[in-house]
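Just below is one structure, and these are the notes that go with it.
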Amino acid sequence: MNWTRRAALALPLLGWLGARFPALAQISPRKRAPGDTDWTSYAGSAANTRYSPLDQVNGKNFNELEIAWRFKTDILGVRPEYQFESTPLVVNGVLYSTAGSRRDVIALDAATGELLWIHREDEGERARRAPRQLSGRGLSYWTDGTEERLLYVTIGYRLIALDIRTGQRIAGFGTDGVIDLRQDDDQQIDPVTADVGLNATPCVVKDTVIVGAAHTAGNVPLTRDNVRGYVRGFDVRTGKRKWIFHTIPRKGEFGYDTWLDGTEKIGNAGVWSQMSADPELNLVYIGVELPTGDVGGQYRRGNGLFGESIVALDIDTGVRKWHYQTVHHGLWDYDIPAAPVLLDVPVKGKGVVKLLAAPTKQSFLYVLDRVTGKPVWPIPERKVPKGDVPGEWYSPTQPIPTKPKAYDVQGITPDVLIDFTPELHAQALEVIKNYRTGPLFTPASVFDPEGTWGTLTAPSLTGGSNWPGGAADPETGIIYVCSKTQADVMTELKNDNPKLSDFAWINVRGMAKAPKRGTHTYGYLTVEGLPLLKPPYERITAIDLKTGDFVWQVPHGETPDQIRNHPKLKGLKIPKTGRPGNIGALVTKTLVIAGEAGIFTLPDGRRGAMLCAYDKATGEQKGAVYMPAGQSGCPMTYMLNGRQHIVIAVGGGNYSGELIAYRLSSA
């Protein structure tokens, strides 16, 4: 057996026969039953709404859900995965997902969870040195009504097209079904060691596959001249590159003049999150991250387009149609973390508007006209504080939406600190005396052992909202956004180690040896082991896009054990606090469905998390069913053989990745 070739085969049931006779993996055509539905896109549709009109599972019977099947991913890859973030697809009764630490592609019977085929790529050193590993967030589906194919990006940053029935590469796409994304990118990229990859799914719209880029996560970049995260469009049939968009403009291109020192020695600015698209407008909407670095802009003075911008590109040509920058010269790692949600909504006084609503790490929902990029409600420029890092450039203003209002805590003031007891609140006030505090967009500060130890900021550098983004009901025009409430510390130190980074000043969280600061640690601060900020620590907010007003807001997640059992809180009645995490919701005809982050101890002694259902009109919790671990991917739903299924990826802590499908015992 040629084991090198075996790496590119589709293996039915992981067996010996499939390795030698891959045709045995072929899925026979299935006759669709009346009422069957699919889930053919990462977020349900190109509009990224995560919406389904199904209502067999509703508030009256949600607690009656049972596990239909489960699929453990431990055997996929050389080690188990604990960060299983995929949202599966379902096409004609077959469920498809990336899974495992090698990012295999699997096909399961959507009714039973039986493994039908697996596609495996072994990329060797290229994958081992890649910046974005594990299973990623899933794959994409394309059909012209006759031909069907799946597309995904490997750990080693290759775009692969698979036959949906066999899991085999499609020979006419690229080279033997593969496009090497480290080639033909308008820059020199090392094929093995380059700092570029992707966790997100490709965006497939019409006959174009659009692929972004991601880099090593972290706040201390090795070099400012990193790989650039350009965006490319490819022909879905042939794999030929159709266009490229330079997220860092070259000299002579639009946006170059927003860089005071030019763009010749700067990198990153990738599109690591999902994208959304409007085929009728022929536009794809991308969210660009920061150029290097996340909390230090010493070498990119100026507003720096297209950093932290939403950009609308022509699907066929990649030409920029409009852009909107949510943060000028960002210094807080407030990337555009998720695909914007697209809705057509009758806005008061404006008629029906083609809206784009973008949840962000800063806990603002930026609502734009997706045709023009103009704000639906005013977003004035407001003055923001200036920092003290030598050589840093600070934007004097930032865009602050007037509607909707912020949906989570912004900035650090005494009224957002822990207040379970007066004593704990007093301790929190003492803790923050050591730090610079202020409103949103207060920048990092230089460490001074006799003075300020850094800047406390909220939301944290991971949000607010993050990659799961929002979910919405296109019929009511209401969007549902999950967010977490955490404070973060941003401290800058003079860098005396050129091997660590070529930045003169770096964020102290990335240092192996940080200066001593009493009993407090870098990152998330605590008081007696409790979170510095008061709850809720995770919340779901419903926002009516017809008016820009909140409909409801509720804590999401039962109170953690460490709070319920804390000796300082003994005898106190602690309300439901929520548990922080990167959570995404599913919206159905009557419900908002979301799993909890992390785990807690149930009254019966089991440890785990709950998959919760809320009345989408009121926020009242209507039910919850047990999960063995916290939500790690986003839930999706489909109808098959007359029964509605809800599937979710779980994992984290010491529980490895698993797909769990729920349905009613009878329908």
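- By the 30° and 60° cut-offs, the orientation of the rings of Tyr285 relative to Trp322 is tilted.
- Arg241 forms no cation-pi arrangement with Phe234, by the criterion of a distance under 6.0 Å to the ring centre and an angle within 45° of the ring axis.
- Listed by chain and number, the residues in a ring-ring contact (aromatic ring centres under 6.0 Å, His included) with Tyr256 amount to none (sequence neighbours excluded).
- Salt bridge Asp419/Lys534: present, at least one basic N to carboxylate O contact under 4.0 Å.
- Side-chain contact check for Thr154 and Glu121: no donor-acceptor pair (N or O, by modelled atom type) lies under 3.5 Å.
- The six-membered or imidazole ring of Phe503 lies near that of Tyr299, with a centre-to-centre distance under 6.0 Å.
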**Prompt:** What's the verdict on side chain to side chain donor-acceptor pair (under 3.5 Å) for Thr208 and Lys242, showing C-alpha distance, side-chain angles and the deciding distance?
**Reply:** CA-CA 8 Å; Thr208 302; Lys242 299 173 68 173; 2.7 Å; yes
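- Using modelled atom types, one finds no donor on one side chain facing an acceptor on the other under 3.5 Å when comparing Asp388 with Ser445.
- Side-chain contact between Ile189 and Gln183 is absent, with no heavy atoms from C-beta onward closer than 4.5 Å.
- For the pair Arg232 and Trp243, the cation-pi criterion (under 6.0 Å, within 45° of the ring axis) is not fulfilled.
- Between Glu253 and Arg250 no salt bridge is recorded (no basic side-chain N to carboxylate O distance below 4.0 Å).
- When all heavy atoms are compared, the tightest approach of Thr263 to Ile266 is O-CG2, 3.6 Å.
- Every residue two or more places apart in sequence or in another chain that forms a ring-ring contact (aromatic ring centres under 6.0 Å, His included) with Phe441 is listed here: Trp332.
- For Phe420, there are no ring-ring contact (aromatic ring centres under 6.0 Å, His included) partners two or more places apart in sequence or in a different chain.
- Using a 4.0 Å cut-off between charged side-chain N and carboxylate O, Glu85 and Arg137 make a salt bridge.
- By the 30° and 60° cut-offs, the orientation of the rings of Phe245 relative to Phe306 is tilted.
- For Arg320 and Phe254, the positive end sits near the middle of the six-membered ring, less than 6.0 Å away and at most 45° from its axis.
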